[in-house]
S.K.: 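Dumping the structure here so I can ask a few things about it.
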Amino acid sequence: METRPRHLDPALTALPPVPSPAAPDQAAHQPLLGLGLAELEDWAEAQGQPRFRGRQLHEWLYGRGVRSLEAITVLPRAWREKLGERPASGPHSPGPPQQSAGDQGAAPAAVGSTGPEPQPGRDLLGRSLLLHRSDARDGTTKLLLGTADGLSIETVGIPSGDRLTVCVSSQVGCPMACRFCATGKGGLQRSLAVHEIVDQVLSVREAMDRRPSHVVFMGMGEPLLNSEAVLAAIDCLCRDLGMAQRQITVSTVGVPQTLPNLAERALDRLGRAQFTLAVSLHAPDQRLREELIPTARAYPLDNLLEDCRRYVAITGRRVSFEYILLGGLNDQPRHAAALAALLRGFQSHVNLIPYNPIEEEEFQRPSPAAVEAFRGALAQRHIAVSVRTSRGLDQDAACGQLRRRLLSGPN
Ligand code: SAH
């Protein structure tokens, strides 16, 4: 019997493994954010309170977006004070951070706060601190948020017509090390917990004073290395913030052995898998893809596409493919022709993303003419295609850039 995982070619096992994430121990330390109404009612009851206190907590956490227990003025003062006295290690204490060499993980001091000192009331709710805010001329707002253990994550609010899309992070840093990505330069510190993901959506809602309509997991991190928390966060966003799964996109560069499993678990956990899966393809052949994405060596393109087909078969949803256009490298007519051939007959949609320059790399932004020619070449071959316009370029729009600039000192 074949026991070796399908994608693990023996020749590839010598490659450095993708580190597995150290998620906080959620079962033991689940803060209130992320819990549904029934769970909050159970929690209130376990605290010796009437069940309706759970409904009040739900309304103030998700409806009003309070940041502290003291702010929930409908709760009896004595109870609030008692809960506020809990030790910081009580209800919420994320696991030890994974500090990678060369990465400056400690967060800068919070805006209008005392920094990542223990704050029992905040820790109980599970809200992050707003460390920094940066607004671009086109209306895009980027937030740097501080976790309870003093790390920082990026989240972006992108308004467009009557949409407000929140681009959320799923990890602190990222282990995938894609060459064009600023986040990948610092390695992975740890995965985010459910409350830290949901908090990003609430923080953008508060900062922009507007209800988010869409959420994309395209910030820092590789969502498929943290899929339990990602699915739980999607569940919470739909159940407690009234979003629809169809307004949510999960983007992955591909992790072996995870896609069909994600589809099955989404069906189990959420009852249906209607969020959009976006796969970061970036190259029409294995050789070029490996050059741009080192981890692709352990996940041949054919296997990735086969897993995408299985995902489509299980969920009935078409997959989006993201293709970053790097001037002169993968944006030529022959690349477009090869990509069209690769995706022929596949239920998919291609999103072209002109490269956002990052400091550490020499890649070129493609010319507008090359972007248009690439789009036209795909459309002519009957591939559904769109171009994602860059937003917030004047404020470090590329994934991970703001955090890297702020953490490496003033400039
Ligand atoms: N790890 C996941 C999600 C995070 S990246 C993934 O790779 O899909 C989200 C998207 O932003 C990906 O398509 C990624 O390739 C793209 N991206 C990263 N750095 C970029 C840059 N400098 N310019 C343009 N797009 C970038």
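Each ligand, and each atom within it, is numbered from 1 in the order the structure gives.
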S.K.: Do Ser386 and Arg375 pair up side chain to side chain, a donor and an acceptor below 3.5 Å, judged on atom types alone?
M.R.: no

S.K.: Heavy atom of Met176 under 4.0 Å from ligand 1?
M.R.: no

S.K.: For residues Met176 and Gly254, report the shortest heavy-atom separation together with the two atoms involved.
M.R.: CE-O, 3.7 Å

S.K.: Nearest non-hydrogen contact with atom 15 (O) of ligand 1 belongs to which option: His282, Glu322, Arg388?
M.R.: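 Closest candidate by heavy-atom distance is His282.
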
S.K.: Indicate whether the side chain of Arg53 and that of Gln56 have a donor and an acceptor atom separated by less than 3.5 Å.
M.R.: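 Looking only at side-chain atoms, Gln56 and Arg53 do form a donor-acceptor pair, the distance falling under 3.5 Å.
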
S.K.: Within the 4.0 Å heavy-atom shell around Ser280, which atoms of ligand 1 are there?
M.R.: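 Near Ser280, meaning under 4.0 Å from one of its heavy atoms, ligand 1 has 6 (C), 7 (O), 8 (O), 12 (C), 13 (O).
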
S.K.: Mind checking whether Phe180 and His282 have parallel, tilted or perpendicular rings, split at 30° and 60°?
M.R.: perpendicular

S.K.: Within the 3.5 Å criterion, strictly below it, is a donor on Ser251 or Glu322 matched to an acceptor on the partner's side chain?
M.R.: yes

S.K.: Record the part of Val279 in heavy-atom contact with ligand 1 below 4.0 Å; permitted values are side chain, backbone, both and neither.
M.R.: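 None of Val279 does.
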
S.K.: Side chains of Arg334 and Gln332: donor-acceptor distance under 3.5 Å anywhere?
M.R.: no

S.K.: Can you find a non-hydrogen atom of Gly221 under 4.0 Å from ligand 1?
M.R.: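 Flag set, Gly221 near ligand 1.
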
S.K.: Using a 4.0 Å cut-off to any heavy atom of Tyr355, which atoms of ligand 1 qualify?
M.R.: 22 (N), 23 (N)

S.K.: What part of Ile324 sits under 4.0 Å from ligand 1 if we count only heavy atoms: the side chain, the backbone, both or neither?
M.R.: side chain

S.K.: Check this for me - ligand 1, Phe180, N or O atoms closer than 3.5 angstrom, yes or no?
M.R.: yes

S.K.: Do the rings of Phe363 and Tyr355 sit parallel, tilted or perpendicular, given the 30° and 60° boundaries?
M.R.: perpendicular

S.K.: Tell me the nearest of Gly219, Gly254, Ser251 to atom 4 (C) of ligand 1, using heavy-atom distances.
M.R.: Gly219

